[in-house]
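Below: one structure, written as structure tokens.
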Protein chains: 2
Amino acid sequence: MTDVKSINNPLFLREEELRQAIELLFFAYRDFTAGPDEILKDYKFGRAHHRVIHFVGRNEGMTVSELLDILRITKQSLNRVLSNLIQRGFVEQRQGEEDRRQRCLYLTEEGRHLEQKVSRVQRELVANAFREAGGEAVAGYRKVLTGLIDETNRDTVLSRILKT
Amino acid sequence: MTDVKSINNPLFLREEELRQAIELLFFAYRDFTAGPDEILKDYKFGRAHHRVIHFVGRNEGMTVSELLDILRITKQSLNRVLSNLIQRGFVEQRQGEEDRRQRCLYLTEEGRHLEQKVSRVQRELVANAFREAGGEAVAGYRKVLTGLIDETNRDTVLSRILKT
DNA sequence: GATTTTACGTCAGTCATGTTGACATATATT
DNA sequence: AATATATGTCAACATGACTGACGTAAAATC
């Protein structure tokens with residue numbers, strides 16, 4: 001394939017490399033979400049429910065506005081999903097102790113069970129990819145993905161991810 | 001934060017690491033798609049249109065069924081988006097030469113222009129992340145994301161990505 | 001040459017998830 | 001007492017997915 005582009009245009013290979021990296025991310029993300037989607041279908045939940053369960057599970061007691069800030073959707077969009085999860089007993093709200101306007105969010109036992117079940121397939125997928133790729137590659141994965149996060153709130157996002 | 005989990009449970013750190021890797025992918029993908037979304041809004045196109053323009057741009061002359069196979073959506077879903085793009089002059093169809101049932105897809109000049117414009121912001125984002133992370137990290141990124149692709153058709157997908 | 005299969009298009013209805021805009025209620029803050 | 005904030009809710013709408021049914025032209029097969 002020694003065509004004119006790769007001979008004459010030094011930027012061509014770079015552009016091609018970037019395009020491949022973009023598609024790789026597209027396909028990886030597609031398959032990365034396929035497992036959870038499959039499981040959640042049995043519960044008649046969608047990806048929006050998954051996100052709520054995931055983030056509430058990782059941040060027990062978080063408020064509605066914190067969740068809105070992470071998901072970057074409107075409160076009306078969230079509310080449909082959230083009230084559904086509450087009604088069906090996967091998430092519960094408690095009034096904030098300091099600020100009683102706040103509704104702090106928790107997974108119920110059933111919610112935690114679903115979170116585990118869904119999270120497991122995803123963790124196994126990632127664990128396999130990590131194992132195959134090796135430790136050095138994992139460090140590179142982290143570096144590059146970190147660099148893809150919007151610079152203006154990268155620190156906020158990272159602290160949210162890393163906070164245990 | 002030396003709590004009981006990290007002392008007693010050797011799997012805890014690993015699970016935590018995996019959960020962080022999962023969130024990292026979530027946030028990176030969110031910000032990775034934000035740029036294109038912004039531009040396409042001006043054209044009243046959505047992410048579905050973007051995907052069509054992207055893949056047709058990368059595979060000029062591909063058939064409808066090849067596109068369906070990549071996108072993993074129904075032909076009815078595709079058709080709304082595709083016929084919209086054709087009507088508005090961003091994509092064109094030509095009858096297949098060998099098999100005249102096929103409709104081969106091409107970007108028009110206008111389509112190519114939009115593809116370039118949208119692709120550029122995404123390539124710049126990835127290029128910055130690559131530059132900051134360094135070549136070794138990029139190799140790791142590729143390895144891990146490759147491992148995330150569904151094993152059963154990984155080879156097919158990879159050959160599609162790499163075919164220049 | 002007739003039949004069947006394939007590639008594609010299309011109509012109709014539904015669902016999930018996002019949006020905007022308006023308004024209500026309880027609690028905190030000033 | 002007035003205002004701001006956190007949340008909830010109603011209504012209308014857009015996008016992009018889905019299923020199911022049916023049509024048409026061209027290729028493949030019997």
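Sequence lines set the chain letters: A, B, ... in the order given, protein chains first and strands last, and positions in each chain run from 1.
R120(B) and E15(A) are not joined by a salt bridge, as no carboxylate oxygen comes within less than 4.0 angstrom of a charged side-chain nitrogen. A salt bridge between E16(A) and R58(B) is present, with a side-chain N of the basic residue lying under 4.0 Å from a carboxylate O of the acidic one. A salt bridge is absent between R94(A) and E60(A): the closest approach of a Lys/Arg side-chain nitrogen to an acidic carboxylate oxygen does not fall below 4.0 angstrom.
Distance CG (L85(B)) to P (dT15(D)): 13 Å, rounded to an integer number of Å.
Of the residues in residues 23-58 of chain A, G46(A), R47(A), A48(A), H49(A), R51(A) come within less than 4.0 Å of DNA chain C through at least one heavy atom, sorted by number.
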Derivation and outcome, side-chain hydrogen bond (donor to acceptor under 3.5 Å, both in side chains), residues R142(A) and T146(A): CA-CA 6 Å; R142(A) 284 211 202 90; T146(A) 301; over 6 Å; no

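Position along DNA chain C of the nearest nucleotide to E97(A) versus V81(A) favours V81(A) as the more 5'-ward residue.
Closest non-hydrogen pair, R88(B) versus K44(B), comes out as NH1-O, 4.1 Å.
More than 12 heavy atoms of other residues, nucleotides or ligands shown are found within 6.0 angstrom of CD on Q116(A). Heavy-atom contacts from other residues, nucleotides or ligands closer than 6.0 Å to CD of E97(B) number 12 or fewer. The environment of Q95(B) atom CD is dense: over 12 non-hydrogen atoms of other residues, nucleotides or ligands sit within 6.0 angstrom. More than 12 heavy-atom neighbours from other residues, nucleotides or ligands sit within 6.0 angstrom of CD on E132(B).
Looking at M62(A) and I70(A), their side chains come closer than 4.5 Å, going by heavy atoms from C-beta outward.
Pairs passing the ring-ring contact (aromatic ring centres under 6.0 Å, His included) check and including a residue from residues 57-78 of chain A, sequence neighbours excluded, do not occur. Legend: ring-ring contact (aromatic ring centres under 6.0 Å, His included) pairs involving residues 19-44 of chain B, not counting sequence neighbours, sorted by first then second residue: Y29(A)-Y29(B), F55(A)-F26(B), F55(A)-F27(B), Y29(B)-F32(B).
Axis deviation across the helix from dG1(C)-dC30(D) to dT30(C)-dA1(D) amounts to 20°, comparing end segments of five pairs, rounded to 10 degrees.
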Protein-nucleotides 5-9 of chain D N/O pairs closer than 3.5 Å?
{"residue": "dT5(D)", "atom": "O4'", "partner": "R101(A)", "partner atom": "NH1", "Å": "3.4"}
{"residue": "dT5(D)", "atom": "O2", "partner": "R101(A)", "partner atom": "NH1", "Å": "2.7"}
{"residue": "dT7(D)", "atom": "OP1", "partner": "V64(A)", "partner atom": "N", "Å": "3.4"}
{"residue": "dT7(D)", "atom": "OP1", "partner": "R103(A)", "partner atom": "N", "Å": "3.3"}
{"residue": "dT7(D)", "atom": "OP2", "partner": "S65(A)", "partner atom": "N", "Å": "2.9"}
{"residue": "dT7(D)", "atom": "OP2", "partner": "S65(A)", "partner atom": "OG", "Å": "2.6"}
{"residue": "dT7(D)", "atom": "O4", "partner": "K75(A)", "partner atom": "NZ", "Å": "3.1"}
{"residue": "dG8(D)", "atom": "OP1", "partner": "Q93(A)", "partner atom": "NE2", "Å": "2.7"}
{"residue": "dG8(D)", "atom": "N7", "partner": "K75(A)", "partner atom": "NZ", "Å": "3.2"}
{"residue": "dG8(D)", "atom": "O6", "partner": "K75(A)", "partner atom": "NZ", "Å": "2.3"}
{"residue": "dT9(D)", "atom": "OP2", "partner": "N79(A)", "partner atom": "OD1", "Å": "3.2"}

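Listed pair S77(B) / dG16(D) fails the phosphate criterion, with no side-chain N or O lying under 4.0 Å from OP1 or OP2.
Protein chain B touches strand DNA chain C; the 5'-most and 3'-most nucleotides with an atom under 4.0 angstrom of its non-hydrogen atoms are dT6(C) to dC11(C).
Test N79(A), L78(A), L82(A) against L68(A) for side chain to side chain contact (heavy atoms under 4.5 Å, CB included) and you get one pass: L78(A).
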